[in-house]
J.: 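The structure that follows is given in the form of structure tokens.
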Amino acid sequence: MHQKRLAVVIAGPTAVGKTALAIDLAERFPCDLISVDSAMIYRGMDIGTAKPDAATLRRAPHALIDIRDPNQTYSAGEFTRDAAQALERAWDRGRLPILVGGTLLYVRALHGGLADLPAADASVRAAIDAAADRVGWPAMHAELGRVDAASAARIAPHDAQRIQRALEVYRLIGRPLSALQRDAKAATPDWRTLAFGLLPAQRHVLHERIERRFDAMLAEGFVDEVRALLERWALTAAAPSMRAVGYRQLARFVRGDEDFAAAAQAGKAATRQLAKRQSTWLRHDPLYTLCDPLTEPVFDQIATAIDAARQ
């Protein structure tokens with residue numbers, strides 16, 4: 001009998017079918033599902049996050065969904081605390097925790113620890129945002145490349161949130177974020193992790209799924225959801241919730257800064273870029289066993305691996 005407790009991770013790029021697979025596993029095993037999604041944490045952000053609907057959540061509850069209002073922040077450190085508590089609750093009940101989602105930084109933080117980073121500073125962030133308004137995020141990305149080339153190499157030129165944080169860290173303490181992350185002391189978790197990365201071999205097939213899903217979200221009322229969020233919470237472009245893929249682009253249309261067709265195309269392009277970043281992460285992270293959910297019987301593969309690990 002294995003001494004360490006077991007946790008399962010189902011990760012992968014957006015639109016690959018992670019949630020559906022996790023729900024199927026929850027019908028096969030005595031599981032507690034834990035969401036690993038930095039956008040599903042927000043109440044009212046349902047359509048654009050592909051959040052499971054109320055009926056599905058009654059059948060297969062997910063921890064860490066709808067735990068923040070859209071005007072609030074949520075960090076990887078907070079996720080680590082909340083997910084660790086959810087893991088303990090599952091194990092205490094004799095159940096198997098399955099973490100499911102695409103925010104891979106959260107998985108890394110939970111499994112391997114976090115760098116000791118300075119707290120967010122509103123004035124520094126405001127100064128960075130003001131500069132970005134003047135020169136654009138690609139120019140801010142170029143600035144990051146001059147002070148932290150390693151971070152700039154793995155952050156996309158339009159990834160405003162990550163560029164802002166890396167610049168903020170450097171401006172606050174004068175050290176590159178990448179150096180702090182290299183120096184982080186990774187804690188060895190007191191549980192075993194069985195992690196699967198759902199990674200389609202055919203990129204164009206995933207892109208087609210992204211296109212269809214985004215169109216379905218628009219038909220379901222994605223624009224109205226964004227409009228309601230902006231009106232109720234008076235959210236600005238700097239709000240973390242409004243930096244989520246799709247929301248950021250459609251908010252520009254709702255505010256009158258861009259026409260609908262351009263905003264929708266930008267949302268699809270940003271979703272494809274997110275999927276590319278997630279896929280690259282999975283290919284290079286040894287934690288994950290990779291499988292193609294579009295061509296392989298992944299449910300049977302994962303269920304067999306879970307059965308073996310639980311013996």
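None of these values were measured; they are calculated from a predicted model. Starting from 1, each residue takes its place in the sequence as its number.
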J.: List the residues meeting side-chain hydrogen bond (donor to acceptor under 3.5 Å, both in side chains) with Asp66, not counting sequence neighbours, and say none if there are none.
T.: Lys51

J.: Could you go through the side-chain hydrogen bond (donor to acceptor under 3.5 Å, both in side chains) check for Asp307 and Thr304 one step at a time?
T.: CA-CA 5 Å; Asp307 275 329; Thr304 298; 5.7 Å; no

J.: Which pairs would a plain distance check flag for residues 166-174, meaning a side-chain donor or acceptor within less than 3.5 Å of a matching protein atom at least two apart in sequence or in another chain?
T.:
residue	atom	partner	partner atom	Å
Glu168	OE1	Arg125	NE	3.1
Glu168	OE1	Arg125	NH2	3.2
Glu168	OE1	Arg165	NH1	2.7
Glu168	OE2	Asp121	N	2.7
Glu168	OE2	Arg125	NE	3.1
Arg171	NH2	Glu143	OE2	2.9

J.: Under 3.5 Å, side chain of Thr49 to main-chain N/O of Asp46, donor-acceptor pair present?
T.: yes

J.: Can you give me the closest heavy-atom contact between Met242 and Leu229, atom names plus distance?
T.: CE-CD1, 4.0 Å

J.: Are the side chain of Arg283 and the backbone N or O of Leu290 linked by a donor-acceptor pair below 3.5 Å?
T.: no

J.: To the nearest 0.5 Å, what is the distance between CG on Leu25 and CG on Leu33?
T.: 8.5 Å

J.: With a 6.0 Å cut-off on ring centres, are Tyr247 and Phe222 close enough?
T.: yes

J.: Assess, by modelled atom type and distance only, whether the side chains of Tyr74 and Asp82 contain a donor and an acceptor separated by less than 3.5 Å.
T.: yes

J.: Return all side-chain donor-acceptor pairs below 3.5 angstrom for residues 261-277, not counting sequence neighbours, or 'none' if the list is empty.
T.:
residue	atom	partner	partner atom	Å
Lys268	NZ	Glu211	OE2	2.9
Lys268	NZ	Asp215	OD1	2.8
Thr271	OG1	Gly267	O	2.7

J.: Within the distance-only criterion (no hydrogens, no angle test), does the side chain of His141 pair as donor or acceptor with the backbone N or O of Ile155 below 3.5 angstrom?
T.: yes

J.: With Asp32, which residues qualify under side-chain hydrogen bond (donor to acceptor under 3.5 Å, both in side chains), at least two apart?
T.: Arg93, Arg95

J.: Name all pairs fulfilling the ring pair (Phe, Tyr, Trp, His ring centres under 6.0 Å) condition that reach into residues 274-311, sequence neighbours left out, sorted by first residue then second.
T.: none

J.: Could you go through residues 84-91 and list every donor-acceptor pair under 3.5 Å that involves a side-chain atom there, pairing it with any protein atom two or more places apart or in another chain?
T.:
residue	atom	partner	partner atom	Å
Glu88	OE1	Arg5	NH1	3.0
Glu88	OE2	Arg5	NH2	3.3
Trp91	NE1	Leu6	O	2.9

J.: From Gln202 CD over to Leu294 CG, what is the distance, rounded to the nearest 0.5 angstrom?
T.: 9.0 Å

J.: Return the CD1 to CG distance between Ile163 and Leu144, rounded to the nearest 0.5 Å.
T.: 7.0 Å

